[in-house]
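Note that these values count all heavy atoms, side chains included, but never hydrogens, waters or copies made by symmetry.
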Amino acid sequence: DLVNKVFVFPQATNDSHVLVRAKPEQPLQNFTLCLRSYTDLTRPHGLFSYATKAQDNDILLFKPKPGEYRLYVGGKFVAFRVPEGVMASEHVCVSWESATGIVGFWLNGKPWPRKGLQRGYAVGAEAAILLGQEQDAFGGGFDAQKSFVGEMCSVYMWDTGISTSGVMAAMNNRPANAPIFGWRNFPYTTVGEVYLKP
């Protein structure tokens, strides 16, 4: 249970990351991903990377610059513009459903207008799941110039969609539904310079 703890990524590297030791049992027709990050980076950086052998960006939550988040599914992406505000931690949730391709996006509990991506696609189950780097190959291919520097916590992933009330529950580390993995029971290995701190 990592509640009240954060992963600290102290500097840009081409190897430091958190490996999530969990996998969905079958290909994903739906998913929701939530996490909180705190950074002063202005360059592009990967937050959450889910790679399969067939597709290195099967799921990727990426921030190309302050004021924009991108969600990749199966190598294609949609972008969400967000306000460039004061330095504060940002809680983000994204959801995707194969049947319609609809992508939901929430920033600090507030829903953005929904968009569409990769209708009919299925995300592979045999995955390497990482925090803090973008994979350009299965389980590797990192670029220090895309690495995350800062703090990250409250990471959850479900194989279902989510409601705004579910997002609020995840923000408070009290998820309504059992996740594939989540912060209350987080299976991980740190690689390189990443530290778990209160």
Side-chain angles (χ1 to χ4, degrees), residues 1-9 16-39 45-52 57-63 69-73 80 88-98 102-112 122-135 139 148 150-192 194-198:
D1 189 339
L2 301 188
V3 172
N4 301 322
K5 294 191 169 72
V6 298
F7 286 124
V8 179
F9 298 78
S16 299
H17 62 276
V18 175
L19 180 64
V20 183
R21 307 192 74 81
K23 291 186 174 65
E25 286 164 14
Q26 61 253 354
L28 295 171
Q29 304 290 336
N30 307 276
F31 70 80
T32 299
L33 165 67
C34 295
L35 59 81
R36 183 179 290 282
S37 66
Y38 190 27
T39 183
H45 55 278
L47 292 162
F48 177 96
S49 173
Y50 179 115
T52 56
N57 293 336
D58 226 359
I59 304 172
L60 173 65
L61 183 61
F62 191 74
K63 204 166 181 195
Y69 281 90
R70 287 181 184 174
L71 175 69
Y72 288 76
V73 176
F80 293 91
S89 70
E90 294 184 346
H91 183 271
V92 172
C93 288
V94 288
S95 69
W96 172 81
E97 59 182 36
S98 177
I102 286 176
V103 175
F105 179 90
W106 292 259
L107 179 67
N108 296 331
K110 183 184 170 205
W112 256 234
V123 171
E126 283 297 309
I129 307 175
L130 308 181
L131 307 178
Q133 295 278 2
E134 183 201 352
Q135 301 177 75
F148 176 73
E151 302 183 5
M152 198 181 299
C153 66
S154 303
V155 183
Y156 292 90
M157 187 178 191
W158 295 266
D159 58 3
T160 59
I162 200 168
S163 63
T164 296
S165 62
V167 169
M168 301 302 284
M171 272 178 78
N172 295 316
N173 287 307
R174 286 197 278 275
N177 303 321
I180 299 171
F181 55 82
W183 209 238
R184 307 300 305 238
N185 183 16
F186 198 71
Y188 74 95
T189 303
T190 58
V191 180
V194 186
Y195 305 99
L196 188 65
K197 292 289 181 188

Can you see which heavy atom on [X] is nearest to which on [Y], and at what distance?
| X | Y | answer |
| --- | --- | --- |
| V94 | L61 | CG1-CD1, 4.2 Å |
| V191 | V194 | O-CG2, 3.8 Å |
| W158 | P175 | CZ2-CB, 3.7 Å |

Side chain to side chain donor-acceptor pair (under 3.5 Å) partners of [X], counting only residues at least two apart:
| X | answer |
| --- | --- |
| N57 | none |
| T39 | none |
| Y50 | none |
| S154 | N173 |

Distance (rounded to the nearest 0.5 Å) between [X] [atom1] and [Y] [atom2]:
| X | Y | atom1 | atom2 | value |
| --- | --- | --- | --- | --- |
| Y156 | W183 | OH | CH2 | 9.0 Å |
| L47 | R70 | CG | CZ | 13.0 Å |
| L130 | S16 | CG | OG | 12.0 Å |

Between the main-chain N or O of [Y] and the side-chain N or O of [X], is there a donor-acceptor pair closer than 3.5 Å?
| X | Y | result |
| --- | --- | --- |
| D58 | T52 | no |
| S95 | G161 | no |
| E134 | H45 | no |

field: Qualifying residues under ring-ring contact (aromatic ring centres under 6.0 Å, His included), relative to F9, sequence neighbours excluded
entry: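 For F9, the residues satisfying ring-ring contact (aromatic ring centres under 6.0 Å, His included) (neighbours in sequence not counted) are F148.
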
query: Among all residues two or more places apart in sequence or in another chain, which pass the ring-ring contact (aromatic ring centres under 6.0 Å, His included) test with F105?
result: Y69, F80, W112

With a 3.5 Å cut-off and sequence neighbours excluded, list the donor-acceptor pairs that the side chains of residues 164-172 form with protein atoms.
{"unit_1": "T164", "atom_1": "OG1", "unit_2": "W106", "atom_2": "NE1", "d": "2.9"}
{"unit_1": "S165", "atom_1": "OG", "unit_2": "S163", "atom_2": "OG", "d": "2.9"}
{"unit_1": "N172", "atom_1": "ND2", "unit_2": "M168", "atom_2": "O", "d": "3.1"}

Which pairs pass salt bridge (charged side-chain N to carboxylate O under 4.0 Å, His left out) with one or both residues in [range], sequence neighbours excluded?
| range | answer |
| --- | --- |
| residues 29-38 | none |
| residues 157-178 | none |
| residues 176-191 | D1-R184 |

task: Sequence neighbours left out, what passes salt bridge (charged side-chain N to carboxylate O under 4.0 Å, His left out) with E97? Give chain and number order.
output: none

Are the side chains of [X] and [Y] in touch, meaning some heavy atoms are under 4.5 Å apart?
| X | Y | value |
| --- | --- | --- |
| W96 | I102 | no |
| E90 | K63 | yes |
| F7 | V155 | no |

Under 3.5 Å, which donor-acceptor pairs do the side chains of residues 20-35 form with other protein atoms, sequence neighbours left out?
{"unit_1": "R21", "atom_1": "NH1", "unit_2": "T189", "atom_2": "OG1", "d": "3.2"}
{"unit_1": "Q29", "atom_1": "OE1", "unit_2": "S98", "atom_2": "OG", "d": "3.4"}
{"unit_1": "T32", "atom_1": "OG1", "unit_2": "T160", "atom_2": "O", "d": "2.7"}

message: What verdict does the side-chain contact (heavy atoms from CB on, under 4.5 Å) test give for M157 and I59, after you've listed the backbone C-alpha separation in whole Å, the side-chain angles of each residue and the deciding distance to 0.1 Å?
response: CA-CA 11 Å; M157 187 178 191; I59 304 172; 3.5 Å; yes

Worked check of side-chain contact (heavy atoms from CB on, under 4.5 Å) between V6 and Y38: CA-CA 10 Å; V6 298; Y38 190 27; over 6 Å; no

